[in-house]
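Working notes, structure below.
Order of the sequence lines fixes the chain letters, A, B, ..., with proteins taken first and strands second; residue numbering starts at 1 for each chain. Below, all heavy atoms of this structure are taken into account, side chains as well, without hydrogens, waters or symmetry copies.
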Number of protein chains: 2
Amino acid sequence: MLSFEQELSGYDIKKWADWSLKLFYWSPSFSQIYSELKRLEKHGYVTSRTVMQDDVRGKRVYAITDTGREAVRNWSRTAPVEAPVLKHGVLLRVWLGHLTEPERLHEIVAEHRDNSERRRAEAAVDADAAHGETAWAYPELALKWAERYHAAERDLAEQMLRDLDELAASGRATEPVPLPPDSPSLAPRLPGVPSTE
Amino acid sequence: MLSFEQELSGYDIKKWADWSLKLFYWSPSFSQIYSELKRLEKHGYVTSRTVMQDDVRGKRVYAITDTGREAVRNWSRTAPVEAPVLKHGVLLRVWLGHLTEPERLHEIVAEHRDNSERRRAEAAVDADAAHGETAWAYPELALKWAERYHAAERDLAEQMLRDLDELAASGRATEPVPLPPDSPSLAPRLPGVPSTE
DNA sequence: ACTAACATGTAAAGCGTTACATGATTTA
DNA sequence: TAAATCATGTAACGCTTTACATGTTAGT
C-alpha cells in the first residue's frame, strides 16, 4: 500500500484496507499491521518518522524505500499465479445440508445473497469515487471487478435458493445421509470446528 | 465430513478434501487433520478404532459420536452468516498495476482465466459423479454452485483483460502513481509480503 | 529395482486474531 | 460529560503449514 507513494501510519493503513481492499482481499488486524511495519523497517523496505500534529501528540508515518519498491515490484511481476484462497462457510453448510432443516438452510443462503448485494453496492460506490483520477486507474479496475464479482455471488445465491427449493419439493431432502460410495469419490473441505476448547 | 456417517481415516479425509471440498473451501494439511482428529476425540466428538488390513498393518478410522453430530448440527444451523474469506492474489496485483508492465499484467490475468476454466471443468465432472445418489444431493448442489462460480471467475478475468487493454490503449497506464487524495478514500488489503526473513 | 501411493505422526515456525492496556482529541 | 475516534502497542493464544521422520504396499 505504501507503493502508492503516500506516507501512511499504521492506523491509516488499517482504515484504507477496511474501506476498499476488503472487497477482494482480507483486512489484517491493527496489531498485525503495526508489527509488520516494524518488520518491514527492520529489513529496510520502509522508513518511518514521527509527525507532530500539535506540540505533544505525534504519530509515526511510514514511507517505502527504493529497496522496498524493488521488492514489491519484483513480487508482483514474478510471483506464481495461485488459486485465490476461498473459505465459503455458506457453501460448506449447503454441502452439509443433511444437518439442517431445509427452511433454515434457505434462510442462511438468502442472508448471504442480501449481504452480497450490499457488498456489490459498496464496491460500486468506491469504484465511482476512484473514477477520473489517473493515479487510481488500477484500483478502479479492481473495484469494478469487485462490483461484478459480488453481483455474481448474489446471483449464484439466488440460483442456489431455486435449487434448494427444487430439492425440497422433490422430497429427496432431509434424511441424515447414509453411507457414501466406497470409492474416495465425493470430498469437500473441513471447516474449523467451533472450538469449545 | 464424518457427519456423512462413513468411518474415515485421516488419510481418507485429506484425499476427499483435496478432491472435492477444495472447490469452495481450502484443504488442510495432513498434519492438521491428524492433530484435529485427536482433539475431536479428546472432546468426545469422534471415536476411533484400528482396522487391520492384513495381519501387521493397521489404520485408525474415525466415526462421529452423538455428541459430535449434535455439535456440528448445531454449528451449521446457528453459526452467523459471515462473509466468505477471499484472498485474491491476482486482483491484488491488478490493484497494484502501477508496479507491473501492462503486458506482464495481461499474462497474469490470462493465466488466471485459464486456471478458472480448468477448475470449472473439474467441478462439472465431480457434480456429474454425484448425480443420482440421494445421499449426495447436497454435495451435488454445492458442486454445481462451484461450477458456476468458476465459470463466473473465468468471465470476470476475460472482462478484466478487456479493461486492461483499454487502459493501456488510453495511455493512462504505467506511471508509478503519485499521491493519493488526502481523504482515506481508496483502500485495498495488504498481502503477505514475501518474507525474506 | 524404483517410484508412487498408502499411512501416521512430531517439531518448529510462521501467520493472524483477540484481549488487554493506555491515553488524547473530537463530537454529541 | 460521555462516547466515539485517533493512535499505538504487548501478550496470549489459536490456526496452519513445512520440514522431518518412518515404514509398507502396489504398480511399472
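Between the side chain of A:Asp12 and the backbone N or O of A:Ser9, at least one donor-acceptor pair lies under 3.5 Å. Proximity of a side-chain donor or acceptor of A:Arg93 to a complementary backbone N or O of A:Ile108 within less than 3.5 Å is not detected.
Other residues, nucleotides and ligands contribute more than 12 heavy atoms inside 6.0 Å of the CD atom of A:Glu158.
Rounded to a whole Å, the CG atom of A:Leu37 is 11 Å from the C1' atom of D:dT8. Regarding B:Ile33, its CD1 atom lies at a distance of 9 Å from the P atom of D:dT17, rounded to whole Å. Counting to the nearest Å, the P atom of C:dT17 and the CG atom of A:Asp18 are 11 Å from each other. The separation between A:Arg49 atom CZ and D:dT8 atom P is 13 Å, rounded to whole Å. Counting to the nearest Å, the P atom of C:dG9 and the CD atom of B:Glu41 are 10 Å from each other. D:dT17 atom P lies 14 Å from atom NZ of B:Lys22, rounded to whole Å. In this structure, CD of B:Glu36 is placed 8 Å from P of D:dT16, rounded to the nearest angstrom. Between the C1' atom of D:dC20 and the CZ atom of B:Phe30 lies a distance of 15 Å, rounded to the nearest Å.
Closest approach of B:Glu140 to B:Gly132, counting heavy atoms only: OE1-N, 4.1 Å.
In the helix from C:dA1-D:dT28 to C:dA28-D:dT1, the terminal helix axes, each the rotation mapping four pairs' C1' atoms onto the next four within five end pairs, subtend 40°, rounded to 10°.
When each of B:Lys59 and A:Ser29 is assigned the nucleotide of DNA chain C bearing its nearest heavy atom, the one mapping closer to the 5' terminus is B:Lys59.
Evaluation of the salt bridge (Lys or Arg N to Asp or Glu O under 4.0 Å) rule for A:Glu107 yields A:Arg104 as partners, not counting sequence neighbours.
For A:Lys87, a side-chain nitrogen or oxygen approaches OP1 or OP2 of D:dT16 to under 4.0 Å. For B:Gln32 and D:dC15, the shortest distance from a side-chain N or O to OP1 or OP2 is not below 4.0 Å. For D:dC15, the OP1/OP2 oxygens have no side-chain nitrogen or oxygen of B:Trp26 closer than 4.0 Å. Remark: A:Arg39 is not in phosphate contact with C:dG16, judged by side-chain N or O atoms under 4.0 Å from OP1 or OP2.
Distance from the side chain of A:Tyr11 is smallest to D:dT8 among D:dT8, C:dT8, C:dG16. When the nucleotides C:dG9, D:dT17, C:dT17 are ranked by their closest atom to the side chain of B:Lys38, C:dG9 comes out on top. When each of D:dT16, D:dT8, C:dC6 is scored by its nearest atom to the side-chain atoms of A:Ser9, the top-ranked nucleotide is D:dT8. Closest approach to the B:Tyr34 side chain among C:dG16, D:dT5, C:dA7 is made by C:dA7 (side chain taken as heavy atoms from C-beta onward).
Annotation: the span from A:His150 atom NE2 to A:Trp145 atom CH2 amounts to 7.0 Å, rounded to 0.5 Å.
A salt bridge does not link B:Arg119 to B:Glu122: none of the charged side-chain nitrogens sits closer than 4.0 Å to a carboxylate oxygen.
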Would you mind writing out the side-chain donor-acceptor pairs for residues 80-92 of chain A within the sub-3.5 Å range, not counting sequence neighbours?
| unit_1 | atom_1 | unit_2 | atom_2 | d |
| --- | --- | --- | --- | --- |
| A:His88 | ND1 | A:Leu91 | N | 3.2 |
| A:His88 | NE2 | A:Glu153 | OE2 | 2.5 |

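For A:Ser31 and D:dT8, a side-chain-to-base donor-acceptor distance below 3.5 Å is absent, hydrogens and geometry of angles not being considered.
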